[in-house]
Trainee: 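Have a look at the structure that comes next, please.
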Amino acid sequence: AQKITQTQPGMFVQEKEAVTLDCTYDTSDPSYGLFWYKQPSSGEMIFLIYQGSYDQQNATEGRYSLNFQKARKSANLVISASQLGDSAMYFCAMREGSSGTYKYIFGTGTRLKVLA
Amino acid sequence: NAGVTQTPKFQVLKTGQSMTLQCAQDMNHEYMSWYRQDPGMGLRLIHYSVGAGITDQGEVPNGYNVSRSTTEDFPLRLLSAAPSQTSVYFCASSYSPENTEAFFGQGTRLTVV
């Protein structure tokens, strides 16, 4: 069964520093996608970055990069040059594709606080 | 530029009442889904649809019904509300279920007393 694990309930980072949010996953499906979403205190869910299981390169989107280690089944989010506006909940999610069910599952989230 | 619209934003129900949470998207997305978010549990998939006329169960479907008569709309029905259904509900859509980001509605905060 598919599973997403985020082991860091909360993280602190100093403004302008980089921070890594951990995500490990478990699946037997060879085809899957990994996603990161940000949820600010206002409650909306904002897509950040996507990594496909067959992608050779790590995904990057501006200050966000995904450190994809397939053998270790990890998909950590790296935020460079943290800003105060990065303070939010961050969710890792996975979608399996081969079975045709296309179910997304989410981790329990990491609350990031950026300190001035 | 509406995206995914959920209504209502807040709702209080009494135990045993029924209601429908509305979700509409104007992006011609095939894939739509409903999640509930509870403290410490992340988002859990309730039901999803890969196109009009096609729905399937997610991780926590009990107590909820869905239908997809049009591409745009994907309502979630609570048949007989229970306090355990107190949660924040999100509707999401994406162009296809594969490899594309999901767009989320603003959420509905439901309290069952």
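The chains referred to below are lettered A, B, ... by the order of the sequence lines, with proteins before strands, and numbering in each begins at 1.
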Trainee: Between B/F103 and chain A, which part of the residue has a heavy atom less than 4.5 Å away: side chain, backbone, both or neither?
Mentor: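 The answer is neither part of B/F103.
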Trainee: In this structure, is the centre-to-centre distance between the rings of A/F35 and A/Y50 below 6.0 Å?
Mentor: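 Between A/F35 and A/Y50, which both carry aromatic rings, the centre distance is below 6.0 Å.
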Trainee: With only heavy atoms counted, which part of B/Q57 is less than 4.5 Å from chain A, the side chain, the backbone, both or neither?
Mentor: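 Only the backbone of B/Q57 comes within 4.5 Å of chain A.
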Trainee: Heavy-atom distances under 4.5 Å only: say whether A/F106 touches chain B with side chain, backbone, both or neither.
Mentor: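 When you check distances to chain B, atoms from both the backbone and side chain of A/F106 fall under 4.5 Å.
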Trainee: With a 6.0 Å cut-off (strictly less than), is the heavy-atom count around CZ of B/R44, excluding the residue itself, greater than 12?
Mentor: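 More than 12 within 6.0 Å, yes.
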Trainee: Under 4.5 Å from any heavy atom of chain A, what part of B/A102 do you find: side chain, backbone, both or neither?
Mentor: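 B/A102 touches chain A through backbone and side-chain heavy atoms alike.
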Trainee: Measure distances from A/Q6 to the heavy atoms of chain B and classify the residue's part below 4.5 Å as side chain, backbone, both or neither.
Mentor: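 It is neither, since no heavy atom gets under 4.5 Å.
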Trainee: Take the angle between the ring planes of A/Y32 and A/Y25 and call it parallel below 30°, perpendicular above 60°, tilted in between.
Mentor: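 Tilted, since the angle between the ring planes falls between 30° and 60°.
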Trainee: Heavy atoms, side chains only, cut-off 4.5 Å: are A/Q8 and A/L21 in contact?
Mentor: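 A/Q8 vs A/L21: side chains touch.
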Trainee: Should the pair A/D26-A/K73 be classified as a salt bridge under the 4.0 Å nitrogen-to-oxygen rule?
Mentor: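 Salt bridge present between A/D26 and A/K73.
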